[in-house]
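For reference, the structure is listed below as structure tokens.
Given the structure is predicted, the values throughout are model-derived calculations rather than measurements.
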Amino acid sequence: MSDIETVAAADKAANTVILAVGPVFIVIAVGLIGLATTVYFTVVFPAFYVWDDDYIWTKIYYYIGLIFSIYMVVCIFFHYYMAVRTKPGGVLNAGTVQSDSNDPTLQDLFLELEEYQEFPKTCKKCHLPKPERAHHCSVCRRCVLRFDHHCPWIANCVGYFNHRYFLLFMTYLVIGCFYFAVVGWQPFLLSLGETGWDWWMPRPYVALSFLLAVAIGLALGGMCSWHYYLIMTAQTTVEFYNNQYARRTARAKGEVYVNPYDLGPVLNLCQFFNVGRNYPIYTIFLPIPISPPSNGKVWEKNPMGYANVQTEISEDTD
């Protein structure tokens with residue numbers, strides 16, 4: 001077996017393992033979030049929000065905190081569920097939670113793409129028509145519309161139809177982690193001691209939940225910020241590296257590469273969250289299913305496209 005065949009076999013085996021352990025990662029994720037939620041409502045919340053019958057403001061403060069806490073938990077679990085259950089979008093099916101019996105046939109897909117592309121691309125791995133911005137997932141072994149990456153924590157690809165849920169899940173989880181750390185530091189310090197413990201939840205669980213909140217908040221916060229940058233610049237993780245290469249190549253030729261899908265930060269965000277035209281902006285803050293604005297196979301283009309420009313004057317003159 002040659003070195004290339006060995007690497008290919010190892011890569012295939014790794015992808016098979018990633019696909020197989022996906023449900024295990026989901027159980028772990030739900031278990032950790034569930035543990036932190038239980039610790040919050042049994043220890044952190046009653047320690048921070050103290051009920052006092054003599055002062056009405058403490059009651060208002062208590063109810064505001066309770067409503068906010070329940071809202072955050074609902075948003076976290078809702079968007080996680082939708083990110084897991086929503087199909088990312090394949091070239092022959094839609095991004096629905098359940099399968100659609102009216103999925104287009106191969107002939108329908110060719111006819112649809114030929115309306116916008118004279119010579120539709122074909123994937124070299126799955127041998128199906130490849131719409132623009134679609135990429136082949138080596139783990140799922142299929143092409144995914146607006147493919148970003150395969151995430152083992154949701155046992156699913158992050159693609160056109162579930163990327164919104166994935167990002168909002170990370171957003172709410174990061175906010176929840178930092179909120180947990182801010183209001184839960186005192187119970188955490190008490191959990192490290194041996195006295196002054198008035199709750200039924202064991203100390204190690206409180207300490208573990210606090211450390212997890214800090215660690216996940218920092219790690220996931222960086223990833224979440226990265227995804228917001230990609231969305232504001234109309235890129236996926238795969239497209240970012242492709243665009244970097246295109247920029248270097250264009251620069252070497254004295255040209256400037258313009259991302260054809262970049263409509264500006266505001267329009268990019270509105271298109272991603274599907275707000276403005278079809279849904280009001282406040283729907284971003286509601287745990288409700290929102291579908292993308294199109295089928296994910298044809299995209300609006302930046303009119304600038306790929307522009308040839310002369311090198312800077314400073315380089316051409318003395």
Side-chain angles (χ1 to χ4, degrees), residues 79 82-151 154-170 227-228 230-243 259-264 267-279 283-284 288-302:
H79 288 104
M82 294 301 293
V84 172
R85 293 288 294 144
T86 302
K87 296 179 181 178
V91 297
L92 291 178
N93 55 36
T96 55
V97 175
Q98 300 296 332
S99 62
D100 186 356
S101 59
N102 295 321
D103 287 346
T105 64
L106 186 59
Q107 181 180 3
D108 294 334
L109 179 60
F110 268 117
L111 292 175
E112 179 182 5
L113 294 180
E114 285 176 354
E115 293 181 8
Y116 304 95
Q117 304 174 28
E118 184 176 359
F119 301 104
K121 296 181 180 179
T122 302
C123 178
K124 298 179 181 179
K125 296 180 179 180
C126 59
H127 308 294
L128 289 173
K130 190 175 183 180
E132 53 184 328
R133 308 192 76 178
H135 292 277
H136 190 88
C137 175
S138 57
V139 177
C140 296
R141 299 173 187 174
R142 61 173 180 170
C143 280
V144 176
L145 300 177
R146 196 185 173 278
F147 174 76
D148 188 90
H149 69 286
H150 184 93
C151 178
I154 64 173
N156 199 359
C157 290
V158 177
Y160 181 62
F161 287 94
N162 68 341
H163 198 168
R164 183 185 192 274
Y165 300 122
F166 178 77
L167 180 62
L168 287 175
F169 162 69
M170 289 196 300
H227 273 266
Y228 273 106
L230 291 176
I231 291 161
M232 293 177 68
T233 55
Q235 303 178 92
T236 64
T237 301
V238 174
E239 291 172 345
F240 171 80
Y241 294 105
N242 292 341
N243 290 340
N259 180 4
Y261 306 108
D262 189 359
L263 306 177
L267 288 179
N268 290 338
L269 285 171
C270 290
Q271 184 184 69
F272 177 83
F273 289 109
N274 195 13
V275 295
R277 295 180 182 177
N278 300 323
Y279 295 93
T283 55
I284 296 176
I288 58 176
I290 299 291
S291 59
S294 68
N295 61 9
K297 298 171 184 175
V298 180
W299 293 82
E300 183 179 356
K301 305 295 194 302
N302 183 336

side-chain contact (heavy atoms from CB on, under 4.5 Å) between Ile154 and Asn162, worked out: CA-CA 11 Å; Ile154 64 173; Asn162 68 341; 4.2 Å; yes
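- Considering all non-hydrogen atoms of both residues, Val91 and Pro129 come closest at CG1-O, 3.5 Å.
- Proximity of His149 to Val238: side-chain heavy atoms (C-beta onward) are nowhere separated by under 4.5 Å.
- The two residues Gly89 and Phe161 come nearest to each other via the heavy atoms CA-CD1, 3.6 Å.
- Partner Tyr160 forms a ring pair (Phe, Tyr, Trp, His ring centres under 6.0 Å) with one of Phe166, Tyr165, Trp299 and no other, that one being Trp299.
- Take Lys301 and apply the salt bridge (Lys or Arg N to Asp or Glu O under 4.0 Å) test, not counting sequence neighbours, and it matches Glu132.
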Chi angles and distances behind the side-chain contact (heavy atoms from CB on, under 4.5 Å) call for Thr233, Asn243: CA-CA 11 Å; Thr233 55; Asn243 290 340; over 6 Å; no
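- Taking every heavy atom of both residues into account, Asn278 and Pro293 meet most closely at ND2-CB, 3.9 Å.
- Residues meeting the ring pair (Phe, Tyr, Trp, His ring centres under 6.0 Å) test with Phe273, sequence neighbours left out: none.
- Every residue two or more places apart in sequence or in another chain that forms a side-chain contact (heavy atoms from CB on, under 4.5 Å) with Ala234 is listed here: Asn259, Tyr261, Asp262, Asn268.
- When all heavy atoms of Asn302 and Leu263 are compared, the pair lying nearest together is N-CD2, 4.0 Å.
- The NZ atom of Lys125 sits 9.0 Å away from the SG atom of Cys143 when rounded to the nearest 0.5 Å.
- For the pair Asp148/His227, a side-chain contact is recorded, criterion being any heavy-atom separation below 4.5 Å from C-beta on.
- In this structure, Tyr241 has no ring pair (Phe, Tyr, Trp, His ring centres under 6.0 Å) partners at least two apart in sequence or on a different chain.
- Shortest non-hydrogen contact noted between Lys297 and Gly90 is CE-O, 4.4 Å.
- The ring pair (Phe, Tyr, Trp, His ring centres under 6.0 Å) test applied to Phe147 returns no partner, not counting sequence neighbours.
- Between His135 and Arg133, the shortest heavy-atom distance links the atoms CD2-O, 3.6 Å.
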Working for side-chain contact (heavy atoms from CB on, under 4.5 Å), residues Lys130 and His136: CA-CA 9 Å; Lys130 190 175 183 180; His136 190 88; 5.5 Å; no
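- With sequence neighbours excluded, the residues forming a ring pair (Phe, Tyr, Trp, His ring centres under 6.0 Å) with His79 are Tyr172, listed by chain and number.
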